Each structure stands twice: as C-alpha cells, then as structure tokens.
Amino acid sequence: MINYGRQFIDRSDHMAVKSALFSDWLTMGPKVHEFESEISKICGAPSFVVSSGTAALHCAYAAIELKDGDEIITTPLTFIATQATAMQFGARIVFCDIDTQTGNIDPNSIEQLITTKTRAVTVVDYAGHPAELSKIRDMCNRNNIFMIEDAAHSFGSFYQDSPVGSIADLTTFSFFPTKNMTTGEGGAVSSINESLLNKARLFGRQGVVKDPDQFLVSPDGKWYQEVHRIGLNYRLSDLQCALGISQIKKLQKFKEKRDSIFTYYNDSLSKITQIRLPIKSKNVNPMWHLYPVQVLDGSRNSLFEYLWNLGIRTQVNYIPAYFHPVFQSLGYERGLCPKSEEFYAQEISLPIHPSLSKKDLKIVVAAITNFFGY
Ligand SMILES: *Cc1c(COP(=O)(O)O)cnc(C)c1O
C-alpha cells in the first residue's frame with residue numbers, strides 16, 4: 001500500500017519520546033519551551049505550541065477578539081478547521097475564490113469582499129506553496145484588518161526570504177502525522193506581534209495568568225493565580241514536544257526529500273497532456289506538503305479508483321467547504337466560487353512523503369502513465 005501522506009519515524013524519535021517518558025515532566029516541562037524555541041527558529045517569529053492545528057486556529061481567532069457578527073474572508077479550498085474555529089466565535093464566513101494556478105486564495109478577489117464587519121483575511125498555503133503573502137499583507141494593512149495564515153501545509157516554506165510564520169499577524173501550524181513533521185497530534189501559533197501572541201497563548205492556557213506583574217488583584221499567597229479570560233486547555237505534552245524536537249532536526253531532510261519527489265513527478269508526468277501539474281511561483285520556496293494534479297479530461301474519479309485498486313491511496317484536497325451540509329443549512333449555495341469548484345472536480349493528490357522509496361514512485365508513475373495510455 002502506498003499512501004498519499006504519512007509520518008516518518010526513526011530510532012532517534014523512539015529514543016526521544018522514551019527519555020521524556022522517564023523524565024520528571026510528562027507535560028508543562030522543559031521540552032515544551034525547547035520545542036517552542038526550535039519552532040521559532042524555523043518560522044522566524046516567537047511561537048507557542050498547542051494540541052492541534054485546529055487549536056492553533058482557535059487561539060488565533062481568540063487573539064483578534066473575534067465576536068458574533070464579525071466576518072472572516074477565506075478560501076473554500078481547505079480543511080474545515082479554517083472556518084469552524086472562527087464560527088465558534090459566531091463569525092460569518094465570506095468565501096473568496098482561488099487562483100487556479102496555485103489553489104491559493106486569489107489576492108485580486110479579496111478587496112471587493114471587505115465590509116465594515118470584516119475582521120480578518122485567513123489565507124491557506126495550499127499544498128505548502130505560500131499564498132500571495134506580500135500583496136495580501138499590504139491590503140490588510142490598508143484596510144486595517146488582520147491577516148491570519150493557516151500554514152498547516154507550509155511549515156518550513158519561504159515567501160521571498162521570509163519564513164512562513166513571520167509575515168501574517170498570526171500564523172498557525174499543524175503537526176498531524178500527514179503534515180510536514182509530526183507530534184502525533186499537535187500544532188503551534190507564531191506571531192511577530194508580542195501582544196497578539198500573548199492573547200493567543202492566554203486563550204490556549206485557560207486564561208490563567210501566573211506572572212505577578214500582571215495581577216489585577218493583590219495576591220493571597222504563593223499559590224495565587226488569576227484568570228483573565230475564559231480559555232481552553234490546548235497544551236501539548238512533553239512527550240509530544242520531545243517527538244517534535246527530534247522531528248524538527250530532520251525537517252531540512254524532509255524538505256529535500258519532498259522536493260526531489262516533486263521534481264521526479266514533474267519530470268516523469270510532464271508528457272501526459274490530460275493532466276496539469278502543480279507550478280511554483282518565482283518568489284516562493286515551498287515545503288511541498290501535497291503534489292496536487294489537475295485531471296483535465298474528466299477522468300479524475302476513474303483515475304482515483306484505478307489507483308485505489310492498485311493499492312495507491314491518493315486524496316482529493318479539498319471538497320469546497322460550503323458544499324458540506326452544515327454550510328448548505330446556513331444558506332450557502334453551490335456556484336459561489338466556480339474556480340474552487342472546478343479545481344475540486346479535477347484535483348487528485350499523489351503520494352508525497354519522506355518514507356516513499358524510488359520503487360514506490362516508479363509504481364505511481366507507471367500506473368498513471370498506463371492509465372492515460374502512454
Ligand atoms: C490539517 C489541517 C488543519 C487542522 O490541523 P489539525 O492538526 O488536524 O487540527 C487546518 N487547516 C488545514 C489547511 C489543514 O490541512
């Protein structure tokens with residue numbers, strides 16, 4: 001069986017988790033801060049860890065004090081967490097169509113959707129390829145709204161010379177097993193804005209303040225702590241952070257491996273006229289999370305079936321969010337973002353992850369070339 005994505009775990013990961021398991025701290029210990037500082041080195045901004053990419057997004061929306069009736073502009077071509085976490089605060093989702101070349105939000109279609117209720121634009125770096133971050137950054141500044149980046153796919157990617165994590169007001173990462181590196185479940189929030197990062201962290205740490213300098217009431221004793229807002233427990237344990245520290249050491253290797261798979265597919269599949277391969281903009285250096293192909297002759301579904309029967313498990317990323325019954329019941333209708341819908345109808349994500357062998361890749365390429373009659 002060849003999967004579209006999976007974790008890469010070796011002996012050094014085993015040893016790291018085992019040693020954390022025998023340490024004094026299973027959670028809230030030194031591994032948490034060590035992992036956070038390693039994440040910051042990769043993403044170029046102060047960061048804190050959380051229990052999932054979903055938790056990270058929830059913290060980011062908490063940080064901007066999102067409330068009932070606010071609007072968030074975002075892409076439908078993403079996992080539901082991008083929207084669901086904003087909707088937890090009563091926000092309304094305004095969908096913006098994509099650029100068909102990259103699958104990312106179309107920067108030229110955002111501004112016309114901005115209203116007095118718009119609080120933020122949430123971009124998703126589809127497949128690991130950063131969105132038009134600098135254009136969108138400028139537009140958000142001009143309109144006095146926040147820029148949030150769901151970088152679940154793009155930990156380790158660069159936009160121009162800036163690492164993903166150092167550009168948006170708040171950037172969120174996921175360490176789910178299929179993502180660029182893993183802690184089992186896990187995620188992180190980064191921001192160059194200290195006050196926003198503190199607000200996000202406070203939400204993910206149950207609103208508890210332990211720093212005496214910040215107390216609003218004089219302390220009763222050494223045990224004293226204060227709750228400044230209602231939050232949630234989104235901590236990541238030391239066991240998971242130990243795995244994260246071990247994984248992050250391999251991130252550059254993972255990136256090189258993903259890059260070589262990207263190049264191999266590009267070279268081996270370029271002759272097939274029925275499909276369009278992913279492109280890379282000049283100004284980005286992606287960590288390729290997905291290898292998304294567009295099937296142009298209407299045969300995506302049968303290609304998916306064909307590969308499935310050969311033990312090749314591809315994926316389709318994504319069903320446009322508003323196709324889901326939960327959005328239909330809120331009055332969203334099909335046809336809202338035609339480019340996203342077409343992208344969905346044609347898309348198939350080929351296997352790409354560091355555990356794939358040359359032989360696996362040859363099997364995938366042979367199957368696809370065979371399917372299209374080459
Ligand atoms: C995986 C993913 C998430 C959610 O991350 P979890 O760690 O699974 O909660 C959010 N957004 C996108 C685009 C994702 O791919």
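One-based numbering, in listed order, for ligands and for the atoms of each. From a predicted model like this one, the values you see are computed outputs, not experimental measurements.
Between T78 and ligand 1, no N or O atom pair is found at a separation short of 3.5 Å. Of the polar atoms of G53, at least one N or O is found under 3.5 Å from an N or O of ligand 1, judged by distance alone.
At least one heavy atom of K179 lies less than 4.0 angstrom from ligand 1. At least one heavy atom of Y318 sits less than 4.0 Å from an atom of ligand 1.
Two rings, from F89 and H58, have their centers less than 6.0 Å apart. No close placement of the F8 and H353 rings is indicated, their centers lying 6.0 Å or farther apart. Two rings, from F95 and Y332, have their centers less than 6.0 Å apart.
Screening F304, W308, Y306 for a ring-ring contact (aromatic ring centres under 6.0 Å, His included) with F371, the sole residue that qualifies is Y306. Between Y126 and the choices T78, T102, N317, the side chain to side chain contact (heavy atoms under 4.5 Å, CB included) rule is met once, by N317.
Shown in contact with S52 at under 4.0 Å from a heavy atom are these atoms of ligand 1, numbered in order with element: 7 (O), 9 (O). Atoms of ligand 1 found under 4.0 Å from any heavy atom of T54, numbered from 1 in the order shown, are 4 (C), 5 (O), 6 (P), 9 (O).
Remark: minimum distance from atom 10 (C) of ligand 1 to any protein heavy atom is reached at D150 OD2, 3.5 Å.
Of the charged side-chain nitrogens involved, none lies within less than 4.0 Å of a carboxylate oxygen, so that K210 and E226 do not count as a salt-bridged pair.
Residue-level proximity to ligand 1 for A152 is carried by the side chain, the only part with a heavy atom below 4.0 angstrom.
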